[in-house]
Every structure is written in C-alpha cells, then in structure tokens.
A.B. asks: 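My questions all concern the structure below.
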There are 2 protein chains.
Amino acid sequence: MKKKDTKTRILDTAERLFAQKGFDAVSLRNIIASAKVNLAAVHYHFGSKQALLHAVVARRLRPINEERLAGLAEARAKAGKRAVKLERVLECLFLPLFRVQANPKVGPTFSRLIGRVLFDRNANLQKFMMSELAEVIPQFSAALDASLPGLAKEETDWRSHFMAGAMAHTLCNADLLAKFTGTQFEPSDYETTVRRLIDFTAAGFRAKASPPTRPRKKK
Amino acid sequence: MKKKDTKTRILDTAERLFAQKGFDAVSLRNIIASAKVNLAAVHYHFGSKQALLHAVVARRLRPINEERLAGLAEARAKAGKRAVKLERVLECLFLPLFRVQANPKVGPTFSRLIGRVLFDRNANLQKFMMSELAEVIPQFSAALDASLPGLAKEETDWRSHFMAGAMAHTLCNADLLAKFTGTQFEPSDYETTVRRLIDFTAAGFRAKASPPTRPRKKK
DNA sequence: ATTTAATTCAAACGACTGTTTGAAACATGC
DNA sequence: GCATGTTTCAAACAGTCGTTTGAATTAAAT
C-alpha cells in the first residue's frame, strides 16, 4: 500500500491536476513533477496526453456506469411488469455518481473532473464519452420514458437535457453554491444532495407544459 | 459597415475561437491570424490575453444583465405589493440570455462561450464573473425567495443552483441534445426553449421536499 | 547465470506560448 | 508644414509545450 507503481501515480496526479485546472491548462511536465516520475513514462504507459485523459476518466467512470446499469436492472426486476418509478430511475442515475463525493480522498477531485469532462468540447474527449455512455444513455432514456406515461418523447429529451445540466453543475461546481449564496455544502452528505436533486428534477419531469405561445399582454 | 476596426475584429474573432475551443486551447496567434491583425495589437488594445477574454464576455453579458434587471424591475412595478410570479422571474432571467441564440451571426458562438465561462474554473475569470453578476444575483435571489413563500432559504439556494446548471447546459450544449437523443434543436425558436426551461425549473422550485432520510428497505 | 523483455531515464526535437520592444505609418490639431 | 498623439508592424525574448530517441536499468524467464 505504501508505494504505488508509476502508472497509478501518473493517473492519480493527472486526475487531481486536470480537475483543478483543466486539461489544456495542465502540462505533462506539471504532472510528472508532481508525481515524481519521468516524462517519458507518460508516453510509455499511455501513449499520449489525450489517451492519459481518457484513462483517467475511464478508471472512475466505468465502475460508476456499471453500478448504474446494475441498479436499474435490479429496480426493473423488482417492478415486474410495472414501470420503474421516476424517482427510482433518477436515484440509480445519480447515486453511484455522487457517492464518490463521500470519499474524501478522490471525491472532490473526481467530481470536478467529471463535471468538467461532461461540458468539455474537446472533440476527441466527446467521442470517447459518447462511447463510454453508449449503454447508459439508451437504457435510462427508455426507463425515463416508461416512468412518464403520456409525455411526448421530445419533451422527455429536453427535460433529460435540463436534468443533465443540473446534475453536472451540482457535481462540478458545488463549491460555487457557498460562494454565491452562502449556503454551505457538505460533501460527505451526498445523500441529501441527491435527494434534493431528485426532488427538483422529478418535479421538473412531471411539470405540465404551458401552451406553446405566450400571450403578449396580460389582458 | 464594411470594414471594422482592429479592436472589434479582435473581439469578434476571439469570441468565436474561445467559444469553439476554449480559452486555453486558443493562442493569440490563432486569433490574430484569423482576424488578420498584428500580434501586438492585442496587447495594445487589451493589455493581456486574460483581459481580452474579459472584454469578450463583458461586451455581450453587460447588456444582457441590464436587460434582466430592467425586466425584473418592470415586473416588480406591475406586481405592486404582490410578489412577482415565479415564472415571470425566471423569464426575466432566461429570455435576455437566450435571445442572442436567434441572432445567427453571434448566437451559436456566444451561447457556447457563456456556457463555457459559467463552468470555467480559471480563478481570474471567476472573480471577473462574480463582479459582473454582483447586481444580478442578489436581485434575482430575492425575487425567487419572494415568489416561493414557505420554502426554506437553503432549499431555494440549492434549487437555484440546479436551475443555473440546467440553464448553462442548455445554452452551451444544446447541440448535444440532438447528438444524444435525436431530438432536433432550432436556435431561432429560442422562445420555445425558454418556455420548456421555465416549465421544468418552475416545477422544480415548487417541488415538495421528500423526507430527509430515505427508507432503507421497501418493506 | 544468461538471455529476453519490460521499464526508467536524461537529453534533445521542433514547434508554439504570451509578452515586449522600438521603429515605422497614420491621423489629428495648429 | 510641422508637431502631436495614436495605431500598426516585424522581430525578438525567454520559456513551455507534447513527443521521440536511444542508452541505462530493472525484472522475468529460461
């Protein structure tokens, strides 16, 4: 446990720095200096800086996505022929992701990274994320649809989009909540955060759509 | 109208490139090559790359924030002694921001930029954004509180945070909606987008909070 | 113990970074 | 016309960037 091998030292350090400053703002030399490894080790073990980023993300995201799918499958089995309840679907989606916040070692670091990655427009990274989410998205999209009978697919898609924004922002920028509003944020209490997020988004999903054209004048 | 001066050519080009690739990923030489100006012109007119970014953001964000405050003031005046309705507050917050999407010239470009900026963790930029929003945040925060009688301030803060995430994600990554779900996105129809966003977030704000401790087992 | 493979290392590659400089070119007021 | 202040320009500054190389070291296999 004491001394980690070069590969994981690079991964850990890259994760921390990418999360703190962003992919472009961190150089390989920043990483190897902090990880105390040789510069060429990065290319030996990962091939390129971009591939290192993918490895950093995949290491944490893959177990999370597996947990998500397993949770959803279990909920489906329990529900039998009935559709899984909306709140339950959202919980399967959020909980595995926010659970890492409770781990003081990697939590704050990875939370920021994953939020950052979700919003990054690096083309390679986006393609990589698409492939990482290739299973999760259609599964949860279908579950959401089933839990919202009568809601048009287009509306479900838009509201999923809103939900994704709220989720990523909460994960990534929770510290801004304290900065802007003064309300404190306790990373260890991720269950309360998830509960709040579920309350908000579930109500959003169930909202009655207002008529397409807003009236110009009140009266 | 034909030939713009150096300063605005730099601003326009920087806005486009920052939005496309991000602040760190774009070099001053990328900008001056595309804008067809001299490299030193950037420092002559703006002082530094960071200051250029601030100028790019401020040029569009300042009128938007003025419009937001004016809209809220007008709604307050109309409401008299009553509190402004939640949906109306949200409309004042969203509409000026999303209106730029309808402008095919700057819309897609600035939308991405502002979304990117809201999530960026560049310390200087964050300080700058705080000062740019110094008026808007407390005003709207107070209006939201007033429109949600009985909701604890802590809840309002969290839900404002969720709302901000949904807003930024929608503004910045609307194209992902098509990519992930297949549902098309029409930038010219920003009013429908805003209506959808208001429906979702207003319902989220009004959601009944579920009890703090989730039951471990169903039965 | 010797050969083979995996890993680490210092050094260099060429290209690119934000910023500064001081001389030109331009515009303006007198 | 000349002087003034503003704006443009090419060139250089001092670094940093991701990546590659080939030799030195360590580990594993025979």
Side-chain angles (χ1 to χ4, degrees), chain A residues 2-59 113 116-117 120-128, chain B residues 2-59 113 116-117 120-128:
Chain A
K2 267 291 160 60
K3 100 171 164 205
K4 294 175 285 187
D5 63 342
T6 308
K7 208 165 169 177
T8 45
R9 267 227 301 289
I10 295 175
L11 279 175
D12 289 346
T13 313
E15 179 179 71
R16 181 167 49 83
L17 294 181
F18 285 159
Q20 274 169 16
K21 300 171 182 295
F23 181 65
D24 291 313
V26 174
S27 72
L28 291 181
R29 283 171 179 82
N30 294 152
I31 296 170
I32 62 111
S34 186
K36 291 196 229 303
V37 301
N38 188 272
L39 177 56
V42 176
H43 291 89
Y44 176 76
H45 286 288
F46 300 98
S48 71
K49 191 189 176 188
Q50 183 82 45
L52 170 61
L53 173 63
H54 295 179
V56 165
V57 175
R59 179 173 64 145
L113 178 67
R116 208 189 261 283
V117 159
D120 205 298
R121 302 204 70 88
N122 176 322
N124 288 327
L125 179 58
Q126 220 164 79
K127 212 182 291 179
F128 172 76
Chain B
K2 267 291 159 58
K3 103 173 159 201
K4 294 176 284 187
D5 63 342
T6 308
K7 206 166 169 178
T8 46
R9 269 226 301 288
I10 295 174
L11 280 175
D12 289 346
T13 313
E15 180 178 70
R16 181 166 48 82
L17 293 181
F18 285 159
Q20 276 168 15
K21 300 173 183 291
F23 180 65
D24 290 314
V26 174
S27 73
L28 290 181
R29 283 170 178 83
N30 294 152
I31 296 171
I32 63 110
S34 185
K36 290 196 231 303
V37 301
N38 188 272
L39 176 58
V42 176
H43 290 89
Y44 176 76
H45 286 287
F46 300 97
S48 71
K49 191 191 177 189
Q50 184 82 44
L52 170 61
L53 173 63
H54 295 178
V56 164
V57 174
R59 179 171 64 145
L113 179 67
R116 209 188 260 284
V117 160
D120 205 298
R121 302 204 72 87
N122 174 321
N124 288 326
L125 179 57
Q126 221 164 79
K127 212 181 293 180
F128 172 76

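In the text below, chain A, chain B and the rest are named by the order of the sequence lines, each starting its count at 1.
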A.B. asks: If you measure from CD1 on A:I31 to CZ on A:F18, what distance do you get to the nearest 0.5 Å?
C.D. replies: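 Going from the CD1 atom of A:I31 to the CZ atom of A:F18 covers 4.0 Å.
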
A.B. asks: Going through the distances and angles, do A:K7 and A:F46 end up as a side chain to side chain contact (heavy atoms under 4.5 Å, CB included)?
C.D. replies: CA-CA 9 Å; A:K7 208 165 169 177; A:F46 300 98; 3.7 Å; yes

A.B. asks: What integer distance in Å separates B:D5:CG from C:dC26:C1'?
C.D. replies: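 Distance check: B:D5 CG to C:dC26 C1' gives 15 Å.
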
A.B. asks: A:Q50 has an atom CD; how far is it from atom P of D:dG18, in whole Å?
C.D. replies: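 Nearest whole value for this atom pair: 12 Å.
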
A.B. asks: For the pair made of CG in B:L39 and C1' in D:dC13, what is the distance, rounded to whole Å?
C.D. replies: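 Going from CG in B:L39 over to C1' in D:dC13 covers 12 Å.
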
A.B. asks: Let me know the distance between CZ of B:F23 and P of C:dT17, rounded to the nearest Å.
C.D. replies: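 It works out to 13 Å between those atoms.
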
A.B. asks: Report the distance from atom CG of B:L11 to atom CG of B:L52, rounding to the nearest 0.5 Å.
C.D. replies: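 Output value for this atom pair is 6.5 Å.
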
A.B. asks: Could you state the NZ-C1' distance from A:K7 to C:dT8, rounded to the nearest angstrom?
C.D. replies: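 About 15 Å, once rounded to whole Å.
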
A.B. asks: Please work out if A:A41 contacts a base, only the sugar-phosphate, or nothing of the nucleic acid, heavy-atom cut-off 4.0 Å.
C.D. replies: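 No contact.
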
A.B. asks: Before accepting this row, confirm whether a basic side-chain N of the pair A:K49/A:D24 lies closer than 4.0 Å to the acidic partner's carboxylate O.
C.D. replies: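 The answer is no: the pair does not qualify as a salt bridge.
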
A.B. asks: Take B:H45 and A:D24, find for each the nucleotide of DNA chain D with the closest heavy atom, and name the residue whose nucleotide sits nearer the 5' end.
C.D. replies: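 The residue mapped nearer the 5' terminus is B:H45.
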
A.B. asks: From C-beta outward on B:A40, which listed nucleotide comes closest to its side chain: C:dG18, D:dT19, D:dC9?
C.D. replies: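 Closest of the options to the side chain of B:A40: D:dC9.
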
A.B. asks: Quick one: does A:H43's side chain get under 4.5 Å of A:L28's, heavy atoms only?
C.D. replies: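 They are in contact (side-chain heavy atoms under 4.5 Å apart), so the answer is yes.
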
A.B. asks: What's the closest nucleotide to the B:H43 side chain, out of C:dT17, C:dG18, D:dG18?
C.D. replies: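 My answer, after comparing the listed nucleotides, is C:dG18.
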
A.B. asks: Determine: side-chain N/O of A:S27 to OP1/OP2 of D:dT16, distance under 4.0 Å, yes or no.
C.D. replies: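 For D:dT16, neither OP1 nor OP2 has a side-chain N or O of A:S27 closer than 4.0 Å.
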
A.B. asks: Using whole Å, report how far CG of B:L28 lies from C1' of D:dC9.
C.D. replies: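 Rounding to the nearest Å, CG of B:L28 and C1' of D:dC9 are 16 Å apart.
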
A.B. asks: Heavy-atom nearest nucleotide on DNA chain C for A:N38 versus A:R29: which residue maps closer to 5'?
C.D. replies: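 Its nearest nucleotide being more 5', the pick is A:N38.
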
A.B. asks: To the nearest angstrom, how far is B:Y44 atom OH from C:dA24 atom C1'?
C.D. replies: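 One finds 14 Å between C1' of C:dA24 and OH of B:Y44, rounded.
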
A.B. asks: In whole angstrom, give the distance that lies between atom CZ of A:R9 and atom P of C:dT8.
C.D. replies: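 Atom-to-atom, A:R9 to C:dT8, this comes out as 9 Å.
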
A.B. asks: Under 4.0 Å between a side-chain N or O of B:S48 and OP1 or OP2 of C:dG18?
C.D. replies: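 The answer is no; no side-chain N or O of B:S48 sits under 4.0 Å from OP1 or OP2.
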
